[in-house]
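Residue numbers start from 1 in every chain, and the chains themselves are labelled A, B, ... in the order their sequence lines are given, proteins ahead of strands.
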Number of protein chains: 2
Amino acid sequence: MSRKPRLRSGSGVTMHDVGQAAGVSAITVSRALHSPERVTPALREKILQLVEQLGYVPNRSARQLASARSHTVLVLIPSLSNTVFIDALAGIESVLQPAGYQMLIGNTHYSDSEELALLRAYLQHSPDGLLVTGLQQAEAFSRILAERQLPAVYMMDLSDDGRPCVGLSQEAAGAAMTRHLLQRGRRRIAYLAAQLDERVLKRLQGYRQELTAAGCHDPALEWLNPAPSSMQLGADMLDALLAAHPDCDAVFCCNDDLAIGAIARCQQRGIAVPAQLAIGGFNDLQAAAWTTPPLSTIATPRFAIGAAAARLLLQQLHGQQDSGGSRCLDLGFQLQQRGST
Amino acid sequence: MSRKPRLRSGSGVTMHDVGQAAGVSAITVSRALHSPERVTPALREKILQLVEQLGYVPNRSARQLASARSHTVLVLIPSLSNTVFIDALAGIESVLQPAGYQMLIGNTHYSDSEELALLRAYLQHSPDGLLVTGLQQAEAFSRILAERQLPAVYMMDLSDDGRPCVGLSQEAAGAAMTRHLLQRGRRRIAYLAAQLDERVLKRLQGYRQELTAAGCHDPALEWLNPAPSSMQLGADMLDALLAAHPDCDAVFCCNDDLAIGAIARCQQRGIAVPAQLAIGGFNDLQAAAWTTPPLSTIATPRFAIGAAAARLLLQQLHGQQDSGGSRCLDLGFQLQQRGST
DNA sequence: CGCCGAATTGTTAGCGCTAACATTGCGCAC
DNA sequence: GTGCGCAATGTTAGCGCTAACAATTCGGCG
C-alpha cells in the first residue's frame, strides 16, 4: 500500500464520494444527474444538494470514455479576424450552449491543408459532429468524415450534392449586386476581389453571368488578388484599377473591407461617389453604414446561418436521420442600397 | 460472451492494436509517441509508420483520465464581436497551438455571473490553466481558482496585487489621449463611453486626472452609457452631447466604434473635424485609418498581449514557478495621431 | 397469499490510456 | 565467468464514469 496516490485533477470529489454521502451507489448519482426520471424525486433532491455542497464537478473525460459521446462539436472557420465568421460563431454558440454541447473552434486560415490538419488534431476529442465553412475541403477530409460517419453541416453556401448545408447562393448574391449596378445605369463595372476563397469566386460567377447577359462583360475589369483582404488593399486596388481603366464607372468589391478602403480612397482623391464611380460591397458589416457616402452592400444573415446550421446538426445527432427532402437551407440575402450606388 | 460490443467512438483503432501490429505492448506505443527517447529509434520508426497506416488517433479522454493532464487551456473573453479580443485570441492561438495545447473559448458577454458559470461549466474539461480578460471577477471565481490551484494569467490590464498579468495601463492610456487633446489646445474635452467595463472606467480615471491637473475638468462632459458599444451609439451620443454642450471642442471616445460613428455623424452634419471638434478613439482598429478624416487613436498591442499571456501561462504550467520578481508585463500603447485631432 | 411486472437501485466490467513498478537483455569491469 | 548497472520493454492497476445486466422492492390482482 505504499503506492503513491495518483494526482487528482479537479476538485477530487467523485461521483462515488457523492453517492457515499447520500448512502447510494455512484450509478444512482449518475442517473440523478443525467436521467432524473429514473430516480425517486426525494433522492434526486438529496443528491443534487450534496453535489452542490461537496462542490462535485463531473469529469468529462471519464464520461466520454465510458459513454463514447463527447457532447462536443467541432467548428471550422477560415478566419477569426473576419467578422463574418465570428457572427456565425455567435449564432452557433446561441444554439449549442443551451443544448449542452460545447464547441471546439478551429481556425483554418483559409487553408485546405490546415483545415485537414485541424480535423485530424481535433478528432482526438472525438467530437460528435462538425460544422464546416464552405463546401470545398481537401480530399482526405471527406474521406475521414465518411470513415468515421461523423455528421457534418456545411455553412455559408448551398450544395447540390445532398450534403446538409445552411447558407445562401453566393452566385445569386453576386449576380444581384451586379444587376443593381446595371440598373443604376453603369456599364463599365469592375470586380475587385481578394482572398479568393470559393465564395468570392462564386460571386464572380454571378457577376460574369449578369454582365455577359447584359452584353458588357470585360475580363480586363476583373481584378483578382490572392492576398488577404483589407481596407488598405481595397484602396490600393482601386488606384491600380483606375490607372488602367479610367473609364470604369462602377466597382463591385467582393467584401466590405475592400469596399471601405476603396470608398475612402475615392474620398481622398476627390472622386465623386456615386456620381463618377459607384461602389458596391458585400456582407453589410457594421462599418458599411458609416462610410461617406454610406456603402451599398449585400446583407448576409450570418448569425442565422450559424444558428440554423447548429440546429440542423443537433437534429442529425439526435437520431432524426434524414427527415427526407433536401436538407439544404437557403437563408437568402438582402441588397442594402445606400448612398454609394 | 453474449455481451454487446460497446459503441466505439473514433476509428476504433487503439494503442493496443498498434502495439499488436508492431509486436509490442501498448505502453511502448505510448512511449514512442510521447517520449521518443525512451524507445529504440528503429522500433519507434516502425510504430510511427503503423500509426499512420492504421489511421490510429489517440483518445484524448483516455489520456487525460489516466494522466490527470488535459493539455487544454480555458480562455475567457467578454465578447466575440469585439475585434480587440479576437486579436488577443489570435495571439494566444499562435502560442498554444505549437505547444500542443488546445484552447477552450468562453464568451462571457461582459457579465461576471456568466463568466463564473462558464468557468464552472468548463471545469468539467479540467483545463490545465486559464487566461482571463480583466482583473475583476466574481468573488466565487477567485475562490474556485484558489481551491483548484488553477494557474491563471490576466490579460489587458495591469494588476498591483501580484497576480500574473499581461497588458497595458488603461489609466495611463486614457491619460495619454487626454493629454494629446490638451496639447492640441482643447479645453472642453468630453469623454464618450459605452459598455462601461473596468477598462473603460480606468481610461476615464486617466482622463479625469489629466483634466483636473489642467484645471478644466467638467463632470458634465462625461457621458457614460452602459449599452453595448456600436457606431450607431457613437453617432447618437455625439448628437446628444453637442445638443447639451455646443461649446465642446474635443471628444475622447472610449473605443474606435463610438469614435467612427461620431466622426461619420460630424461628416453628415457638416461639423469640421478637427477644426471645430477634435475626435480621439481607442484601440486602433483597422477601420480607424479609413474614416474621413482618419481617426487619431491609441494603438493597443492585442495580439502581443495574447501571445505573451499564453507564454506566461505555459511557463507556470511547466513548473518554472515564480521566476521571482513581478510577473506583470506592461506591453504599453502608442498614440496614433491622424487627421481627426 | 403468492405471484407478476414495473419501478428503483445495485453490481460488474470495461472504455483507452499511462504511472509505477517489474522484468529482461546486454555490455562491461574485474 | 560473475555480477553490476543501465537501457529497453512489459505487467499491473486504476483514472471516473456509464452500459448492460442483476437484484430488490412494492403495489396490485387473481
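Rounded to whole Å, the distance from CD1 on B/I27 to P on C/dC17 is 11 Å. Between A/N59 atom CG and C/dG16 atom C1' there is a gap of 14 Å when expressed in whole angstrom units. Here the C1' atom of nucleotide D/dT9 and the CD atom of B/Q20 are 16 Å apart, to the nearest Å. Remark: P of D/dA19 and CG of A/L65 are 12 Å apart, rounded to the nearest angstrom. Distance CD (B/E37) to C1' (D/dC6): 15 Å, rounded to an integer number of Å. Here C/dT9 presents its P atom at 15 Å from CE of A/M15, a figure rounded to the nearest Å. Summarising the geometry, the separation between CD on A/Q64 and C1' on C/dG14 is reported as 16 Å, rounded to the nearest angstrom. Rounding to whole angstrom units, CZ of residue A/R31 and C1' of C/dG10 are separated by 8 Å.
For B/S67, no side-chain nitrogen or oxygen approaches OP1 or OP2 of C/dT18 to under 4.0 Å. Close to D/dT18, at under 4.0 Å from its OP1 or OP2, lies a side-chain N or O of A/R63. Taking side-chain N and O atoms only, A/H34 has a distance below 4.0 Å to OP1 or OP2 of D/dT18. At D/dA8, none of the side-chain N or O atoms of B/T28 fall inside 4.0 Å of OP1 or OP2 (strictly under the cut-off). A sub-4.0 Å separation between OP1 or OP2 of D/dT9 and a side-chain N or O of B/T40 is present. For B/T14 and C/dG16, the shortest distance from a side-chain N or O to OP1 or OP2 is not below 4.0 Å.
Taking both residues in full, the closest heavy atoms of B/M15 and B/S30 are given as CE-CA, 3.4 Å, listed atom of the first, atom of the second, then distance. Of all heavy-atom pairs spanning A/S94 and A/A307, the tightest one is OG-CB, 4.2 Å.
With D/dG14, D/dG10, C/dC15 as the choices, the nucleotide that has an atom nearest any side-chain atom of B/A66 turns out to be D/dG14. Here the side chain of A/A62 is nearest to one of D/dG16, D/dG10, C/dG10, namely D/dG16.
The distance from the OG1 atom of A/T133 to the CG atom of A/D197 is 9.5 Å, given to the nearest 0.5 Å. In this structure, the separation between CG on A/L130 and CD1 on A/I144 is 10.5 Å, given to the nearest 0.5 Å.
Toward the 5' end of DNA chain D, the nearer of the two residues A/H16 and A/R38, judged by each one's closest nucleotide, is A/H16.
Ring geometry for B/Y110 against B/F85 counts as perpendicular: the plane angle is over 60°, on a 0 to 90° scale with 30° as the lower cut.
You won't find any donor-acceptor pair under 3.5 Å spanning the side chain of B/R60 and the base of C/dG16, going by distance alone.
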